[in-house]
Amino acid sequence: MSGALRTWLALLRHRDSGGHLPAVLAVVAFAAATWAVLTVAGGVQAFTGRARLAGPESDAALYPLLASVSVALLVVPSAALGGAAARLTVARRDERLARLRLVGATSAQTGLVALLDAGLQAVAGAAAGVVLNLLATPAVALLRFQGRAFEPAELRLGPLPVAAAVAAVLVVSLVSCAVGLRRVSTTPLGVAQRLPVKTLSRLRVLPVLVVGLAFAAAFRGLGSLAAGVGLGAAVLVLAVLLAGTFALYNLLGPLLLSLLGRVLAARARSAATLLAARRLVEDPRGAWRGVGGIALVTFVAGCLSVVPGMTATDGGDVEGDALLRDTGTGALVTLVVAAVLAAVSTGVTQASRVLDAAPQHRALHLAGADVRVLHAARSRETWVPLLVTAGGAALTSLLVVSPLLAVLRSAPVGVLLFAVCAAGGAGLVLLASRASRPLLVRSVDLQQPLR
Amino acid sequence: MTSIRPNGAGGVPGASLGAVDILTARGLVMAYGDGPGATRALDGVDVALRAGESVAVTGPSGSGKTTLLHCLAGVLRPTSGTVELAGADLTAMSDAHRTRLRRSAVGFVFQSGQLLPELPAQENAALPLMLAGVDRRTATARARELLGALGLGGLELRRPGQLSGGQVQRVAIARALVGSPQVVFADEPTGALDQATGEEVLGTLTGAARRAGAALVVVTHDPAVARWCGRTLAMRDGRVVREFRAPAAPAAGGGVPS
């Protein structure tokens, strides 16, 4: 084991310049995931503090539970982003691990080297996320809930929750790395063989049906549940069910994108569309990481876009109106955080694909493929699933609230705000995809020596 | 008549370049760096290649053979000298123009890593035609026809990860030939294969290029590969030091529909 540690330290000191980018991408991804988790956890803490002061009979008691729903919405995309960053770490170093095997390292030693790398990047990213959270807290504190802005101290987490968040990021990283290692079998002959990508099972649909039925049953029985165990506990049950539903939604999403890829591939007429479609079929999970979170939150925020109208037309219950208004604000904040996570995820996935496919892109360019075609393929690979999932979610949410058209008309500000946030989020994701263009241009630069 | 003017022993100084040459290079110099530390990857190379001819370029590592291939294919612009492909001067063209010419007149086969892993064999092979604006149905039909002729009938929908090393190289050969190029450049095409598979792939490559009427330039460090080609250029220190013709090339397989 000490041999593996010494090797790891030596590799760390002598990493070539080309090896830095994946590490930087992984650290950025871990930082974004940590920042998102700490931000929403800070919100839960602040609302819990306010609820304690206001007493159990007040509407303030509901705020921590609503914030927990927001945590449930963001926890899956955050964990998925952390996991993707860890897998990026493994995928990028299979050649290095193979060379280590060649000089006599055991698979346990190479595994340890990979885990140490992933762990170091996770801790560095988590530390950056903590700093980012501290820096952003004054800005987050400007948000007005319950009629007033936050005190930064309300949002600032103590050392214990921060340590727990860092530990969670580290655990996600190590577990994902270990799973990734299992999929990269490194032989002593120096050939890193990637096992074929596991195809998605259609059985993924089954748990979705089961949880859907449970959710419907719980919803129908909400009244009696609330009467029996109290409204707080009933909302908690719903929040847990919601979290389960979101997790299952993330199981189903890649299946949808894989299907979309197949349909596109069958109908593609141009090389760019064909390439984009085949990449969707090849890695629907990667594409889903970029759009899944933002689509879900877009749906929720879209449904809540009627809130300003409802509070404007009804006017009797001041505290109830404030709760509704704040729920809408919370949904938009969650949408913005989800958009940041989606953008980082898209940026990491796209950059890593450019690095992985550099030899193939170069061969295509040699054979006369214009770089513009390669750019167009990557762009389609991002905006087509984004349009279908997030755009579809936005439309569906507006259909859901369409019975309240009069309310929407009376106060269109909610819908406008929602549209701006959703479009801004989608724009951020597209920008993140564009950010790796220079990387692609460099990778096909024919004046560089060919290997 | 095709001719060569090597720079060292066995050369034919001042030999004239033939009238039916598809590719000619004169006085190629490729220099890296300036001053006393400058190195010359190519040091005054002349080459001429006839339509349908196959030429092996051999030599040790660092002899300049891959640099020569990239200059001949219009990938690299030489420091001095000219390269004419089908009558067009590659060294005087813009990058965009050379890219377009490569698309229509040149095919490439590399050692490995050239096929897109997410595309089935027929789409990998059809890609150059689609990139050139040919409609998908026509491009795919032509690719399937070629794959069948190269012994890959029934495997058209398999992806590179589901094929053997030799089969992958045959898909790459189909891709190189799908646009009916005038010249096919192959850089160590058998470098990642065992000897038997390598021989089989070379037979397919030389036979298919000949039937398609394309000239073939194979860069290799393996002297055994050279016997599959009609002519061999031996390089050292950026110069062609020897040229010889193969006594009799082994029978080549791999037909290509005309």
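Convention: sequence-line order gives letters A, B, ...; per-chain numbering from 1.
Legend: residues meeting side-chain hydrogen bond (donor to acceptor under 3.5 Å, both in side chains) with B:Ser164, ordered by chain and number and at least two apart, are B:Gln167. Under the salt bridge (Lys or Arg N to Asp or Glu O under 4.0 Å) criterion, A:Arg372 pairs with A:Asp370, sequence neighbours left out.
Listed by first then second residue, pairs satisfying ring pair (Phe, Tyr, Trp, His ring centres under 6.0 Å) with a partner in residues 366-386 of chain A number zero, not counting sequence neighbours.
Of the atoms belonging to A:Ala277, not a single heavy atom falls under 4.5 Å from chain B. Only the side chain of B:Arg175 comes within contact range of chain A, judged by heavy atoms closer than 4.5 Å.
With chain B as the partner, the residue from A:Leu364, A:Val281, A:Leu275, A:Val371 showing the most heavy-atom pairs under 4.5 Å is A:Leu364.
Remark: B:Leu205 CG to B:Arg210 CZ distance equals 11.0 Å, nearest 0.5 Å. We find the CZ-CG distance between A:Arg380 and A:Leu274 to be 11.0 Å, quoted to the nearest 0.5 Å.
With respect to A:Glu282 and A:Arg279, no salt bridge is recorded, no charged nitrogen being found less than 4.0 Å from a carboxylate O.
Residues of residues 125-133 of chain B placed with any heavy atom under 4.5 Å of a heavy atom in chain A are listed by number as B:Leu127, B:Met130, B:Leu131.
Of all heavy-atom pairs spanning B:Ala121 and B:Leu163, the tightest one is CB-CD1, 4.4 Å.
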